[in-house]
*Asks:* 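Before anything else, here's the structure in question.
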Amino acid sequence: MASCGILFNSSIFNKKFLLYHKPVVLRSRFSNLIVHQSQKIRTFMEMEGNGASVSDDASKPKIPHVLTVAGSDSGAGAGIQADIKACAARGVYCSTVITAVTAQNTVGVQGVNIVPQDFVAEQLKSVLSDMQVDVVKTGMLPSIDIVKILNQSLRKFPVRALVVDPVMVSTSGDVLAGPSILSSFREELLPLADIVTPNIKEASALLGGMPLETVADMCSAAKLLHAIGPRNILVKGGDLPDSLDAVDIFFDGKDYHELRSPRIKTRNTHGTGCTLASCIAAELAKGSSMLSAVKVAKRYVETALEYSKDIFIGNGRQGPFDHLLRLTNSIRSGRQQTFNPSDLFLYAVTDSQMNKKWGRSMVDAIKAAIEGGATIVQLREKDAETREFLDMAKACLEICRSHGVPLLIDDRVDVALACDADGVHVGHSDMPVRIARALLGPEKIIGVSCKTPEQAQQAWIDGADYIGCGGVYPTNTKANNPTLGLDGLKAVCIASKLPVVAIGGINASNAGCVMETGVSNLEGVAVVSALFDKESVLAETRNLHAILMEAASQVK
């Protein structure tokens with residue numbers, strides 16, 4: 001969309017219509033993502049402990065649901081597409097009623113096709129009569145009749161909240177909706193709204209051209225708009241003249257809240273208004289208070305803008321941003337994102353105490369192991385505080401990404417999420433694989449420790465990518481760990497439908513024997529002290545890699 005909710009009048013709109021730019025520029029804060037994922041972890045663990053199941057009739061969870069009524073943006077930066085992506089990012093289901101289909105890109109809007117009002121009504125009835133919508137969010141409403149139809153539908157099918165994003169002004173400040181549609185909008189929709197989210201140009205248009213040049217003017221506008229009927233007003237100040245910050249004014253009819261944050265310098269601001277309103281709707285659908293929903297939405301847009309500030313999509317002056325914070329991952333990582341079983345060939349498992357013993361940092365140890373031939377790294381840290389572990393993980397990830405080597409985090413799904421590691425390895429008695437998969441998503445690598453054929457079969461059912469089988473031999477890194485021997489390793493490999501990496505007491509003297517067991521899905525060995533409890537990690541890794549290569553050639 002040229003914006004999230006432009007009201008079009010067919011007599012005014014034409015193919016020369018300019019894309020409305022919303023230069024909302026905000027500050028990045030990533031901590032809320034970590035908190036959100038920690039909450040998800042607790043919820044999943046509670047479900048696991050209580051034996052809850054989404055298929056149990058007595059305990060079916062209510063899925064938060066937002067319906068967006070807006071236009072389609074072919075460039076996918078704003079409109080329906082932005083709404084869906086924002087709701088998905090915030091963990092909320094999003095259904096749609098499309099009011100118009102536009103042809104647009106980062107340069108501008110080349111055309112618009114308004115959906116017939118009867119079909120808009122049919123879409124509204126289909127969703128609202130069946131799908132238990134919590135919150136409706138409006139965007140592009142291109143005619144008086146569609147505004148009226150929406151009003152009638154909401155009165156027939158009440159919802160918990162209505163979020164209105166009333167975009168109706170072009171980049172140059174021209175009002176794109178005539179007096180009649182503006183009047184209908186104020187009379188038919190605003191009185192039903194739980195929150196309206198205009199920027200200063202839109203607020204001015206709704207108030208008959210009232211000039212807004214200061215924060216005090218924004219407060220006055222919020223009060224006047226509130227008097228029309230909405231229960232809450234958020235006047236966005238991204239266009240405020242001579243302001244170093246992005247200032248928004250939230251007014252609930254009693255108190256004013258000034259929400260201020262530094263601007264982010266980026267061209268990628270297309271769809272920020274749609275996204276902000278959709279995020280507010282998503283948080284309301286989850287049960288948040290209005291002010292809390294607004295604050296979360298503002299932080300979310302800040303985070304997405306900061307993450308996306310340097311991406312380049314399209315040749316126009318206003319590009320889209322990445323709602324899911326994922327587009328640059330593959331570019332930054334320098335490695336393929338899909339799991340490759342051959343990565344298990346020489347699996348280095350770190351140990352802080354061993355590195356301290358030899359007077360080296362974790363980063364130096366990992367760098368030496370990778371340069372010596374390690375094909376995957378597992379960061380294991382049992383005693384560090386979370387902040388220390390996270391900082392260490394970020395530093396190690398930078399080294400691994402620069403060499404195209406995956407980094408897995410041992411046990412700690414929260415740390416893996418926070419640093420965007422390539423995956424996790426969980427013990428058999430730790431977080432269940434299926435819960436780790438639900439939290440990490442389908443593309444991350446998940447390994448699980450297995451000692452029996454039955455555990456190996458279950459790992460495949462639960463969605464693991466590989467299993468770590470051991471201990472094969474006695475080891476000092478895990479006390480009282482029963483050993484399987486080569487026969488036990490072979491039995492697990494035969495039972496497993498997943499690739500296997502052998503672990504436990506493996507070193508330069510026996511690694512060749514392990515690799516020569518003769519089972520096709522044994523991809524490599526995992527080692528700890530054989531690399532890190534040595535004076536030269538680089539030399540030991542090179543030596544072990546050469547032994548494994550020789551053994552692999554013998555097997556073939």
*Asks:* How about Met290 and Asp252: do any of their side-chain heavy atoms sit closer than 4.5 Å?
*Replies:* no
*Asks:* Does Lys265 come within less than 4.0 Å of Asp310, counting only side-chain N to carboxylate O?
*Replies:* no
*Asks:* Among residues at least two apart in sequence or on other chains, which ones pass ring pair (Phe, Tyr, Trp, His ring centres under 6.0 Å) with Phe157?
*Replies:*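 If we apply the ring pair (Phe, Tyr, Trp, His ring centres under 6.0 Å) test to Phe157, skipping adjacent residues, there are no hits.
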*Asks:* Do Tyr466 and Ile445 make a side-chain contact, defined as non-hydrogen atoms from C-beta onward lying under 4.5 Å apart?
*Replies:*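 Tyr466 reaches Ile445 side chain to side chain.
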*Asks:* Looking at Val69, is its backbone amide N or carbonyl O close enough to the side chain of Thr138 to form a donor-acceptor pair, meaning the two atoms are under 3.5 Å apart?
*Replies:*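 Looks like no, no N/O pair under 3.5 Å.
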*Asks:* Not counting sequence neighbours, list each pair that qualifies as a salt bridge (Lys or Arg N to Asp or Glu O under 4.0 Å) and has a residue in residues 214-231.
*Replies:* Asp194-Arg231
*Asks:* Please work out which of the three classes, parallel, tilted or perpendicular, describes the rings of Tyr300 and His323, given edges at 30° and 60°.
*Replies:*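 The rings of His323 and Tyr300 sit tilted, inter-plane angle from 30° to 60°.
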*Asks:* Is there a side chain to side chain contact (heavy atoms under 4.5 Å, CB included) between Met140 and Val112? Walk through the geometry before answering.
*Replies:* CA-CA 11 Å; Met140 178 182 174; Val112 61; 3.6 Å; yes
*Asks:* Is any side-chain heavy atom of Pro166 closer than 4.5 Å to a side-chain heavy atom of Phe185?
*Replies:*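 They are in contact (side-chain heavy atoms under 4.5 Å apart), so the answer is yes.
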*Asks:* Are a donor atom and an acceptor atom from the side chains of Ser72 and Gln81 found within less than 3.5 Å of each other?
*Replies:* yes
*Asks:* Would Met131 and His65 satisfy side chain to side chain contact (heavy atoms under 4.5 Å, CB included), going step by step from the backbone distance to the final call?
*Replies:* CA-CA 8 Å; Met131 299 183 71; His65 185 158; 3.5 Å; yes
*Asks:* Hey, can you tell me if Phe250 and His257 have their rings parallel, tilted or perpendicular (30° and 60° cut-offs)?
*Replies:*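 Ring orientation, 0 to 90° scale: tilted.
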*Asks:* So, Ser204 side chain and Met210 main chain: donor-acceptor pair closer than 3.5 Å or not?
*Replies:* yes
*Asks:* Not counting sequence neighbours, which residues clear salt bridge (charged side-chain N to carboxylate O under 4.0 Å, His left out) with Lys62? List them please.
*Replies:* Asp134
*Asks:* Cation-pi between Arg326 and Tyr307: NZ/CZ under 6.0 Å from ring centre and within 45° of the ring axis?
*Replies:* no
